[in-house]
Amino acid sequence: MEYNFREIEKRWQKIWKKNNVYKVNNDSPKPKYYVLDMFPYPSGAGLHVGHPLGYIASDIYTRFKRLKGFNVLHPMGYDAFGLPAEQYAIEHGIHPAVSTEQNINNFRRQLDNIGFCFDWSREIRTSDPKYYKWTQWIFLQLFDSWYNKKSQRAERISLLVKLFEKQGNLNTEYPGMGSRDNAVGDFSAEDWNSFDEPRRQEILMDYRLAYCGYGEVNWCEALGTVLANDEVINGLSERGGYPVIKKKLRQWYLRITDYADRLLEGLKTVEYSDAMKEMQTNWIGKSYGAEIDFHMIIPDDESDKTILRVYTTRPDTIFGVDFMVIAPEHELVEKIVTPEQKSAVDEYIDYVKSRSERERIAEKKITGCFTGAYAENPFNGRAIPVWISEYVLAGYGTGAIMAVPCGDERDHKFAKHFNIPITNIIGDYYNGEEANPTKDALLLNSGFLNGMLMRDAIEVVIKKLVDLGIGKKKVNYKMRDAAFSRQRYWGEPFPIVWKDGIAFPLPEDQLPVILPPMEDLKPGPDAEGPLANLEDWKHYEGGTREVNTMPGYAGSSWYFLRYMDPHNDKSFCDRKASDYWGQVDLYIGGTEHAVGHLLYSRMWTKVLYDLGYIGHDEPYRKLVNQGMIQGSSRYVYRFDFHLQEHIPIVIDFPILVSTNLFEKFKNDEDKLAQIVVSSMVQFEGLDIKELFSSFGFSRLHVDVNIVNGVELDLNAFRNWRPEYSNAYFILADGSVSSPGSSQPKAAYICGVEVEKMSKRYYNVVNPDDIVFKFGADTFRMYEMFLGPVEQSKPWETKGIEGVHRFIKKLWRLFYDEVKGKCWNEEKPNEQELKILHRAIRKVEEDTERFSFNTGVSAFMVCVNELTEIKCHKREILEALLIILTPYAPHVCEELWHALGNTTTILDAAFPKLEQKYLQESSKVYPVSINGKLRTQIDISLDATQNDVEQIILQNEIVQKWLEGKSPKRLIFVKNKMINVVV
RNA sequence: GCCCGGAUGGCGGAAUUGGUAGACGCGCCAGACUCAAAAUCUGGUUCCCGCAAGGGAGUGCAGGUUCGAUUCCUGUUCCGGGCACCA
């Protein structure tokens with residue numbers, strides 16, 4: 001009987017579906033385990049072989065955990081709102097709802113092909129009103145909350161109002177109530193009670209975790225919307241690569257900055273990779289320093305108390321301050337600039353305004369302008385010139401710095417460029433050429449700090465500043481509040497109605513605010529979204545609805561909770577359900593969400609925890625980042641001649657050079673129009689790229705699907721590119737394949753390059769094709785076999801044969817080609833058990849530690865060995881199937897039932913298997929001599945600890961030891977002694 | 001520029017706490033079956049010398065620690081990723 005994977009896989013997929021084999025319940029005596037994949041955005045391109053990598057890993061782990069007796073939640077859904085669908089709609093006239101539905105269906109079909117064990121009864125789509133009702137609801141909770149810095153958690157706005165009524169915002173008991181940096185001032189209870197409603201609402205808005213405010217936003221003209229910081233890369237939009245400019249707009253924000261500390265603290269409690277933790281840490285960008293007030297020296301007016309406040313992480317260098325720099329946008333500029341410098345400063349500000357974000361980042365020029373003003377160093381009275389420069393950012397710290405050229409590279413370059421004298425406060429640590437940011441120097445020229453170690457001086461200076469009332473400790477963050485509104489259609493509408501400039505939340509019973517149907521998605525007036533065009537919808541109960549929509553990350557910030565209780569229409573997730581499932585135990589996805597989705601969802605989780613809706617404040621206990629599968633592109637190389645007749649010619653490159661065919665063809669003007677060459681082989685040490693540029697070759701992507709390994713299918717190529725149908729191909733051996741000729745003897749070797757897998761490189765491999773050709777089990781195992789899950793690697797279809805052969809080999813342990821069934825009921829012998837035990841133990845370890853590639857190898861070894869000794873014993877084979885089933889579920893299920901089992905293999909008693917086999921297989925005794933030796937020796941199954949000791953004692957070296965030449969340590973590997981330490 | 005991570009055969013990659021480097025697969029070579037091919041199976045395959053037995057070298061490069069280093073330390077080169085005027 002042959003291994004008919006197509007029939008087997010389809011059949012079992014159907015049975016699993018029919019019997020709800022993968023449905024998961026919220027109550028079970030088993031321990032719970034939650035495995036989650038980052039749900040996909042259903043793009044129109046469908047899945048390529050790279051996408052399922054993480055899903056396969058999580059699927060294997062899910063099945064493995066289930067075998068081990070866990071109740072495992074493993075759901076899937078779609079991140080269905082977002083920009084691309086809307087862009088697509090504008091370009092092709094297909095409504096986002098329609099294209100999204102189509103794309104989802106296609107995704108689902110592709111996913112089903114691979115045999116995943118998702119519990120589809122829990123599927124969610126963020127664009128489903130039943131789902132986004134709760135996204136809107138959570139938004140309202142954020143809107144109705146503020147961050148209490150005293151209790152370090154979110155509290156209700158109603159509590160804040162009570163506090164304001166009683167004590168205003170000045171109460172030191174509640175430091176978090178103090179005035180916000182950029183808006184409301186301080187007020188007393190009396191003040192508060194005298195404020196009118198709009199004023200009160202304005203103040204409250206400044207405390208809400210989801211708030212509306214004016215701010216500089218990343219505006220992308222081409223996309224017609226605002227983008228969050230993590231959606232902008234080098235001044236260009238992440239999606240589409242369009243220019244992004246800063247623009248002041250009224251926007252919704254999430255006050256994620258208030259959670260900065262807890263987001264940092266939380267990282268200590270979770271298992272993310274170091275790289276991931278670092279990315280988040282850097283993004284949050286916490287720095288410890290001090291704010292220092294410098295008095296401005298205004299020559300004409302001795303009484304002037306104008307203060308320049310700077311932020312620095314190095315207050316210890318205060319005697320090394322040679323100039324001040326403030327941001328060109330800084331409000332003080334106008335006030336302090338001297339009449340003589342006024343025109344120069346204005347000119348400079350105009351120049352800065354003319355520069356786009358992108359230009360500024362691309363070319364870091366040293367620019368700046370002296371304001372004519374001076375500030376006074378509080379410790380030695382020195383007059384310090386105040387400059388403006390674009391290298392100081394208005395949005396960070398106080399928008400002003402004290403520049404210490406000997407200790408900061410940027411300040412140093414600035415000082416050199418503008419010939420500002422440099423004070424050296426670190427002696428030999430400063431060489432006059434380069435700044436030295438050390439903290440280990442002893443301070444010089446530093447007044448009362450002289451002789452002090454810099455790192456110690458920091459605290460001393462701060463204390464002095466506090467005593468003098470001109471400075472204090474200050475912590476700063478790079479992270480900004482997250483822009484939360486988009487001027488777009490295809491997203492969640494805000495449950496907000498504006499009346500007289502006040503935002504009113506809609507009551508819960510009016511949720512969801514359904515996204516109204518719309519045909520023409522053109523932007524509304526005044527940079528508002530398409531919804532602004534819907535007059536009827538917009539006007540609502542005497543006010544106007546918020547017409548922006550929420551960003552793509554809104555729905556994905558809490559979806560892991562909805563899976564726990566997906567059909568609940570009373571609550572976003574019943575507390576019982578979230579208490580049962582708790583944290584996601586294992587979250588798998590790419591690194592691209594490091595500072596977007598992952599941070600936002602962590603924040604939302606913390607808020608929901610603070611408000612008492614869930615019982616944990618970190619969503620993901622462990623995070624694994626799967627690598628990207630890149631495409632392996634194939635090229636042919638082409639050379640163009642300008643001749644009368646245009647007959648393309650394709651040449652194998654090394655032959656071209658080595659036989660001077662090039663010269664020959666070049667002069668053969670009757671025949672040639674184009675030459676296309678191939679191969680990446682080096683010639684005479686010259687890199688192929690140099691050769692090409694010197695000859696004027698160009699290269700052309702070839703569809704990887706018409707290339708076998710690196711050999712081009714010439715006829716397929718001619719069909720694929722009709723303009724080459726008349727091409728002459730010059731092959732690896734120098735022979736020419738002309739248009740009519742049928743069977744070329746030599747191959748045409750393509751060039752190879754690893755690139756992103758993408759349609760435009762013709763290197764996309766569709767999992768459907770692979771599954772059709774080799775089956776889902778082979779596909780799954782091969783993806784794992786490619787290498788560590790975390791690692792990026794190019795896809796090579798070639799190697800899949802090996803894995804396919806393995807499964808066929810496994811099949812032959814059960815079925816003989818001629819005789820059919822060939823398993824028997826004989827008792828396994830020691831050798832057979834040993835082979836099995838090794839495999840079980842290895843695979844178990846490997847699966848547990850996510851090393852699926854070595855796990856697959858262990859199966860291969862096991863099957864090879866069983867084949868070699870012709871072991872067809874049922875007891876062995878059955879055990880093997882159980883541990884293999886997470887990797888290759890279809891074929892295992894088939895064979896499992898063939899052996900006469902009636903339950904599905906996932907419900908088979910793995911713990912029993914464990915008991916029966918693993919304990920025996922763990923008879924590998926650690927050997928310890930003088931308590932030092934850690935190596936293990938692998939002795940036969942029946943051996944006891946005593947036997948092991950006997951073996952050691954019989955060893956010649958040990959004999960010598962007993963004779964008195966006592967070695968310190970004996971080193972064994974397997975049964976062989978390999979080293980003696982005397 | 002700063003911060004992480006990596007470098008092992010022709011290729012993808014093994015080697016779990018320092019202990020026989022190269023598991024497993026691809027590719028390649030040889031053989032079996034076949035009129036032949038494909039498929040399948042068997043054997044070989046780090047490099048160098050040697051018919052062989054055998055010998056020598058070997059985990060980017062240069063050192064160090066150790067009885068012993070792919071693994072630990074120092075320096076260095078290259079590659080990948082992240083951040084990028086954050087004071």
Side-chain angles (χ1 to χ4, degrees), chain A residues 233-234 273-287 289-290 310-314 317 324-325 327 360-361 364-366 389-393 395-404 407-411 413-414 437 476-480 591-592 594-595 625 627-628 632 709-710 752 754 781-782 785-788 790-806 808-809 812 817 842 845-846 848-849 851 853-864 867-868 933-936 967-982:
Chain A
I233 293 156
N234 287 335
S273 69
D274 290 346
M276 174 60 66
K277 286 189 180 181
E278 204 186 285
M279 262 189 259
Q280 297 203 353
T281 306
N282 286 345
W283 183 263
I284 295 167
K286 185 175 188 173
S287 75
V310 303
Y311 174 71
T312 179
T313 55
R314 297 298 301 276
T317 61
M324 300 284 192
V325 187
R360 217 169 55 77
I361 292 165
K364 280 178 203 161
K365 287 196 274 187
I366 300 169
S389 173
E390 58 181 337
Y391 86 87
V392 172
L393 307 176
Y396 183 77
T398 60
I401 62 161
M402 55 179 231
V404 183
D408 183 283
E409 195 48 47
R410 291 156 306 181
D411 299 345
K413 285 195 177 130
F414 195 86
N476 261 323
Y477 302 91
K478 284 192 223 173
M479 184 169 68
R480 305 292 141 84
T591 45
E592 66 272 19
V595 293
N625 297 114
M628 275 220 296
S632 183
V710 290
V752 176
V754 172
M781 290 192 86
Y782 182 58
F785 185 71
L786 277 174
E790 295 91 338
Q791 199 173 300
S792 288
K793 57 237 158 187
W795 174 267
E796 278 303 339
T797 303
K798 269 248 139 157
I800 200 170
E801 302 275 357
V803 176
H804 195 57
R805 267 196 278 270
F806 154 77
K808 284 198 278 193
K809 226 167 177 175
R812 282 200 300 274
E817 267 176 59
K842 182 92 172 76
E845 278 175 12
D846 288 344
E848 196 63 71
R849 71 187 170 104
S851 177
N853 55 333
T854 53
V856 174
S857 295
F859 285 122
M860 289 177 169
V861 171
C862 179
V863 166
N864 281 344
T867 303
E868 194 172 329
L933 189 61
R934 290 161 301 173
T935 312
Q936 300 179 340
K968 280 188 216 144
R969 284 160 78 191
L970 302 172
I971 313 297
F972 291 85
V973 173
K974 301 204 175 146
N975 282 332
K976 212 164 95 192
M977 178 171 289
I978 59 153
N979 211 336
V980 190
V981 186
V982 185

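Because the structure is predicted, anything quoted here is derived from the model rather than measured. Basis for what follows: all heavy atoms, side chains included, without hydrogens, waters or symmetry-related copies. So you know, we letter chains A, B, ... as the sequences are listed, proteins then strands, and number each from 1.
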How far, in whole Å, is B:C33 from B:C41 if one measures between their C1' atoms? 9 Å

What residues form a side chain to side chain contact (heavy atoms under 4.5 Å, CB included) with A:Val754, not counting sequence neighbours? A:Gln630, A:Pro794

With 3.5 Å as the limit, what N/O pairs link the protein to nucleotides 2-9 of chain B?
from: B:C3; atom 1: O2'; to: A:Glu278; atom 2: OE1; distance (Å): 3.2
from: B:C3; atom 1: O2'; to: A:Glu278; atom 2: OE2; distance (Å): 2.4

Inter-nucleotide C1' distance (B:A38, B:U46), Å rounded: 32 Å

Quote, to the nearest angstrom, the P distance that separates B:G12 from B:G80. 15 Å

Does B:U70 have a Watson-Crick or wobble partner in any strand here, with both distances under 3.5 angstrom, and which is it? none

Considering every strand shown, what is the Watson-Crick or G-U wobble mate of B:G18 when both distances are under 3.5 Å? none

Write down the distance between NZ (A:Lys478) and C1' (B:A87), rounded to a whole number of angstrom. 11 Å

Starting at the 5' end of RNA chain B, which residue's closest nucleotide do you reach first, A:Ser792 or A:Ala400? A:Ser792

Between B:U74 and B:C47 - C1' atom distance, rounded Å: 30 Å

From CD1 of A:Ile401 over to C1' of B:C85, roughly how many Å is that when rounded to an integer? 10 Å

Taking the side chain of A:Tyr396 as heavy atoms from C-beta outward, which of B:A87, B:C85, B:A14 is closest to it? B:A87

Please determine, for B:U76, whether a Watson-Crick or G-U wobble partner exists with both distances under 3.5 Å, and give it or none. B:G60

Give A:Glu845 one of three labels, base, sugar-phosphate or nothing, depending on what nucleic acid heavy atoms sit under 4.0 Å from its own. base

Out of B:U16, B:C85, B:G13, which has the shortest distance to the side chain of A:Gln791? B:G13

Could you work out, with side chain to side chain contact (heavy atoms under 4.5 Å, CB included) as the rule, every residue matching A:Met628, not counting sequence neighbours? A:Ser792

Does OP1 or OP2 of B:U40 have a side-chain N or O of A:Arg812 closer than 4.0 Å? no

Any side-chain heavy-atom pair of A:Lys809 and A:Arg805 under 4.5 Å: no

Between P of B:C41 and CZ of A:Phe806, the distance in whole Å: 13 Å

By the rule that syn is within 90° of 0, classify the base conformation of B:G22 as syn or anti. anti

Less than 4.5 Å apart, side chain to side chain, heavy atoms only: is that true for A:Val803 and A:Met860? yes

Partner of B:A32 under the Watson-Crick or G-U wobble criteria, both distances under 3.5 Å, comes out as B:U40

For atom C1', what is the distance between B:C72 and B:G19, given to the nearest Å? 14 Å

How many whole angstroms separate atom OH of A:Tyr311 from atom P of B:A87? 6 Å

Between A:Met279 and A:Tyr477, which residue's closest nucleotide on RNA chain B lies nearer the 5′ terminus? A:Met279

With heavy atoms under 4.0 Å as the rule, sort A:Pro788 into base, sugar-phosphate or nothing. sugar-phosphate

Just to be sure I understand the rule, does A:Ser287 reach a base, reach only the sugar-phosphate, or reach nothing, if contact means heavy atoms closer than 4.0 Å? sugar-phosphate

With a cut-off of less than 4.0 Å, is there a side-chain N or O of A:Lys808 near OP1 or OP2 of B:U40? yes

Strictly by Watson-Crick or wobble contacts shorter than 3.5 Å, is anything paired with B:A23, and which nucleotide is it? none

Using purine N1 to pyrimidine N3 plus N6-O4 or O6-N4 for Watson-Crick, or N1-O2 and O6-N3 for G-U wobble, each under 3.5 Å, what pairs with B:U65? none

Side chain to side chain contact (heavy atoms under 4.5 Å, CB included) partners for A:Pro437, two or more places apart: none

Provide, to the nearest angstrom, the distance between the NZ atom belonging to A:Lys793 and the P atom belonging to B:G13. 8 Å

Output the rounded distance in Å from NE2 (A:His804) to P (B:C41). 11 Å

Checking A:Lys277 now: which residues fulfil side-chain hydrogen bond (donor to acceptor under 3.5 Å, both in side chains) with it, not counting sequence neighbours? none

Spacing between A:Glu409 atom CD and B:A84 atom C1', to the nearest angstrom: 15 Å

Partners of A:Tyr782 by ring-ring contact (aromatic ring centres under 6.0 Å, His included), sequence neighbours excluded? A:Trp795

With B for base contact, S for sugar-phosphate-only contact and - for none (protein heavy atoms under 4.0 Å), nucleotides 22-27 of chain B reads -BBSSS

For B:G68 versus B:A21, give the span between their C1' atoms, rounded off to a whole number of Å. 14 Å

Does any non-hydrogen side-chain atom of A:Arg849 lie less than 4.5 Å from one of A:Thr854? yes

All heavy atoms of A:Met279 vs all of A:Val595, minimum pair found to be O-CG1, 3.9 Å

Please state the C1' separation for the pair B:G9 and B:U70 - nearest whole angstrom. 14 Å

Under the side chain to side chain contact (heavy atoms under 4.5 Å, CB included) test, residues paired with A:Lys413 that sit two or more places apart: A:Ile366, A:Glu409

Expressed as a whole number of Å, how far does the C1' atom of B:G25 sit from that of B:U45? 14 Å

A:Met276 and A:Ala594: which non-hydrogen atoms are nearest, and at how many Å? SD-CB, 3.6 Å

I want to check one thing: is the phosphate of B:A87, taken as OP1 and OP2, less than 4.0 Å away from some side-chain N or O of A:Tyr391? no

Please table the atom pairs, donor to acceptor, closer than 3.5 Å between any side-chain atom in residues 396-404 of chain A and protein atoms at least two apart or in another chain.
from: A:Tyr396; atom 1: OH; to: A:Ser287; atom 2: OG; distance (Å): 3.0
from: A:Thr398; atom 1: OG1; to: A:Arg309; atom 2: O; distance (Å): 2.7
from: A:Thr398; atom 1: OG1; to: A:Tyr311; atom 2: N; distance (Å): 3.4
from: A:Thr398; atom 1: OG1; to: A:Ala400; atom 2: N; distance (Å): 3.4
from: A:Thr398; atom 1: OG1; to: A:Ala400; atom 2: O; distance (Å): 3.3

Applying a 4.0 Å non-hydrogen cut-off, can you work out what A:Leu393 is touching in the nucleic acid: base, sugar-phosphate, or nothing? base

